[in-house]
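First the proteins, then the strands, lettered A, B, ... as listed; each starts at 1.
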Amino acid sequence: MALLKNPKILVASDLRLGEALFLGPEGWTPDCLAATVAHDDVEAAALEARGKSDVAANRVVDVYLTEVEIGPDGSPVPLHYREKMRIRGPSVRPDLGKQAWLGQSGDVK
Amino acid sequence: MTAHDPNQARRPNSPTTTYLYDNYDAAFVRERVSEFREQVRRRLAGATTEDEFRPFRLMNGLYLQLHAYMLRVAIPYGVLTARQMRRLAEIADKWDKGYGHFTTRQNLQFNWPKLADVPDILEALADVEMHAIQTSGNCIRNVTADHFAGVAADEHEDPRPTAEFLRQWSSLHPEFSFLPRKFKIAVSGADEDRAAIKVHDIGLRIVRGPDSEPGYQVVAGGGLGRSPFVGKLVREFLPREDLLAYLEAILRVYNRFGRRDNKYKARIKILVHETGLDQIKAEIESEFAAMDRSPFAHDAEEFARIASYFAPPPYETLPAHSATLEAAKKENRAFAAFAEVNISPHKVDGYAIVTVSLKPIGGIPGDATSAQMRALAEASEKFGFGELRVSHEQNIILPHVKKDDLHALWKMLEPAGLATANAGLLTDIISCPGLDYCSLATARSIPIAQAISRRFQDPERQRLIGKLGIKISGCINACGHHHVGAIGILGLEKKGRESYQITLGGDPSLSASIGELLGPGVSADQVADVIEHIVDFYLSERRGDERFIDTWRRLGHARFKDAVRREGEYGADI
Amino acid sequence: MALISEGRFIEDEWRHLAEEEDLPKSGKLIVSQKRLGEAVASRPLDRALGVIVANTANPAELAPYFARLSLIAVAFPAFADGRGFSLARLLRRAGFGGELRASGRIVADQAIHARQCGFDTIEIPHDLAMRQNEAQWAKALAAYSGTYQEGYGTRGSILERRRKAGS
Ligand code: SF4
């Protein structure tokens, strides 16, 4: 077991809806804050294995791990601006996407 | 068979002047929808894996993007009837989020459809003779044409029959649906090339042969993306009856010998480049000579059948000059500005071509709400024979409006937010969706367009600067055609941040050239400043009404580079 | 491997000869292009012979063997690699009249492409045949009442029918 440089979460797209999903303890969730965080390579591999089986089960597609940082409230926030975009929605349409119902917004830097 | 839809002919302004499906076309598109419905069913049932499904969903225009699926609908050769535009609005409301995005390739993209709804959406499109066939995938993509086709004053021949002829030929091609990479064809039939034929895999320019018989000048191997190339002349004159046979020869050579080991080297431009022009021409010609030509024996007949649909609408006989128009211009300055900038000459006296800009100041280039789509449909029915066009500049065209009606049209467009007087000017910015939607993007492009648009919003300043194309892509795939923008902007990732490379001197027309890099790249909030420096330098140096591209060509790239480095506050980054 | 013809799963009478295997005297055999010369030389004329070729094969090199070959199988290294479709066209054009077989991970959605380009049969791996059953292949093959291109397939194209209806 080796600690990861940055913790990771597992991201995918819902096969039916196309929406960005995150793997949480109870399964896939559209809410990044509810994602399970892997801190070491064993946990990361476990996430990936669950992801792979859900790809095979035709639940999700395009699965990958992405690095996060843990916010003050303990919830994960992606490090890369691309994934920051995915947890919110188009920055030019704050009325659409997850940001519309999660009440999240703000500049993606 | 006539070109006029009997259901529509009763209304005075609405006979359509474009191709109408016969029973075979209608059945084909319906069958395509059923096939896709079955493909979706099999995918959801696990009979196909995602890897197996992907090429087929792409060939029906369906992408998976950052937030949702995206459906790209073809608008063949850019022609839309009012009825079709209304249907797009209905789809936006019923299955999407009330808007659509017009792209640089005469397509419309819906950004939020659900996979299971897509067959129904395609069905709704088929009702109005539309589809999403081959708007993506490694196949022959939807054929594009001059958006002023049939009306431009400088046109020799309407390119739409050729484009429709090719649309049918390329649909579900048994041999060429699994090419090394995508394959784009554009057609132009006028002096000015508004279809950017030199940056397509194949560009066709309609010309006359030695005995004034119709045919084509064929350019191949152009394209943008990671390694941009201006297309090369492969046939000075191709008689019309040989068009399909010759294209088949090109495609067969490409299908067999195009590279498949590296997707960035798989376009025909790389094959042409690596093989050498003479060699590739020889291979095409030898394949062409070896082919059995009997299947093409009836091409001329079929072409004539298709061409008969593209009849001109019943124009009135009018004087070239419109007193009504001149009076309205005097009376209303905002309208005068619109009439000055967004109107192009029509080949028929008393008529004008109107460009409706989808680039409001600070808006999202190419986006239109369902309400705007309806307003455009209505405007076209009232003032333009119910016909609309989509340009690769992401604007909408009303191709035949009486000059006498222009003011009334403007009054209708204005409240719908469709009267921005900037067609061809600096704020008429071409932009791909970039990282706000696109899963391949390396940076956002829309916010950059918005910032530049706001910076240059003063209409006086824009008119002073004159025609200047800014084109923005959110990654090296170059959907925003940044390589051929007089000013091109490419969004990349640099050290975990969005970074923008600026190029100057691109030109998509017959004098095509690929823009040259200004420097390493600047951050998002510096782009508008840098553009402003470039534009100011141009204004100080230009002679008379010299276009940006001409000043750049005269002075040379180095002068611009120096000027920006010297004058730019942010010169350190350039 | 499963064999499909006209949208139906059928018995395969042919056997692929493994590279290290000696040439047997009997049976319908498919050999690699490398061993084609050897097979033609040593096999009695009344024993059926087939060859499997890469999708990059040169039809001119195969043409001298056409008279001796009852089957040519074209390998599809990946279903999205469409070179095999052009090769099929070229083999037909060069005059090959025997069984033309597409061999690889072809998916049911390509049934029409394969037929129109001149393939008679499609040979797919077992795991694929398990997911994509006969019903799916049959349905995919019947998806269109007509296609546009002339000179592909044996059925009349849309253009041809249009002409007949018009005249
Ligand atoms: S240029 Fe890149 S970011 Fe823009 S739409 Fe094309 S693929 Fe997406």
Residue, of [options], that accumulates the most heavy atom pairs under 4.5 Å with chain B:
{"options": "S145(C), S157(C), A140(C)", "value": "S145(C)"}
{"options": "D109(C), L159(C), T147(C)", "value": "D109(C)"}
{"options": "A143(C), G151(C), A108(C)", "value": "A143(C)"}

So, for [X] and [Y], which heavy atoms are closest and what is the spacing to 0.1 Å?
{"X": "R131(C)", "Y": "G46(B)", "value": "CD-O, 3.6 Å"}
{"X": "E31(B)", "Y": "G146(C)", "value": "OE1-N, 4.2 Å"}
{"X": "P295(B)", "Y": "E150(C)", "value": "O-CB, 3.5 Å"}

If you count heavy-atom pairs within less than 4.5 Å of chain C, which of [options] leads?
{"options": "F176(B), F28(B), F296(B)", "value": "F28(B)"}
{"options": "L179(B), T48(B), D299(B), N138(B)", "value": "T48(B)"}
{"options": "E38(B), E302(B), R260(B), R30(B)", "value": "R260(B)"}

Quiz prompt | Side chains of E52(B) and L128(C) in contact at under 4.5 Å (non-hydrogen atoms) | solution = yes
Exercise. State, with a plain yes or no, whether a side-chain heavy atom of V107(C) is found less than 4.5 Å away from one of Q39(B).
Key: no
Measure [X] against the heavy atoms of chain B and call it side chain, backbone, both or neither at under 4.5 Å.
{"X": "A57(C)", "value": "backbone"}
{"X": "R161(C)", "value": "both"}
{"X": "Y152(C)", "value": "side chain"}

[atom1]/[X] to [atom2]/[Y] distance, rounded to the nearest 0.5 angstrom?
{"X": "E35(B)", "Y": "K139(C)", "atom1": "CD", "atom2": "NZ", "value": "11.0 Å"}
{"X": "E175(B)", "Y": "Q116(C)", "atom1": "CD", "atom2": "CD", "value": "11.5 Å"}
{"X": "R163(C)", "Y": "R305(B)", "atom1": "CZ", "atom2": "CZ", "value": "11.0 Å"}
{"X": "Y24(B)", "Y": "E160(C)", "atom1": "OH", "atom2": "CD", "value": "10.5 Å"}
{"X": "R32(B)", "Y": "Y144(C)", "atom1": "CZ", "atom2": "OH", "value": "4.0 Å"}

Heavy atoms under 4.5 Å from chain B: which residues of [range] carry them?
{"range": "residues 70-93 of chain C", "value": "F79(C), A80(C), D81(C), G82(C), R83(C), F85(C), S86(C), R89(C), L90(C), R93(C)"}
{"range": "residues 14-28 of chain C", "value": "none"}
{"range": "residues 29-40 of chain C", "value": "none"}

Quiz item: Partners of Y264(B) by ring pair (Phe, Tyr, Trp, His ring centres under 6.0 Å), sequence neighbours excluded?
Solution: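 Testing Y264(B) for ring pair (Phe, Tyr, Trp, His ring centres under 6.0 Å), a comparison that skips the adjacent residues, returns none.
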Quiz item: Are the side chain of Q149(C) and the backbone N or O of S171(B) linked by a donor-acceptor pair below 3.5 Å?
Solution: yes
Identify which part of [X] has an atom lying under 4.5 Å from any heavy atom of chain C, answering side chain, backbone, both or neither.
{"X": "R256(B)", "answer": "both"}
{"X": "F257(B)", "answer": "neither"}
{"X": "A297(B)", "answer": "neither"}
{"X": "F56(B)", "answer": "side chain"}
{"X": "T49(B)", "answer": "both"}

Does atom [atom1] of [X] have more than 12 heavy-atom neighbours, drawn from other residues, nucleotides or ligands, at distances under 6.0 Å?
{"X": "R8(C)", "atom1": "CZ", "answer": "no"}
{"X": "N23(B)", "atom1": "CG", "answer": "no"}
{"X": "K265(B)", "atom1": "NZ", "answer": "no"}

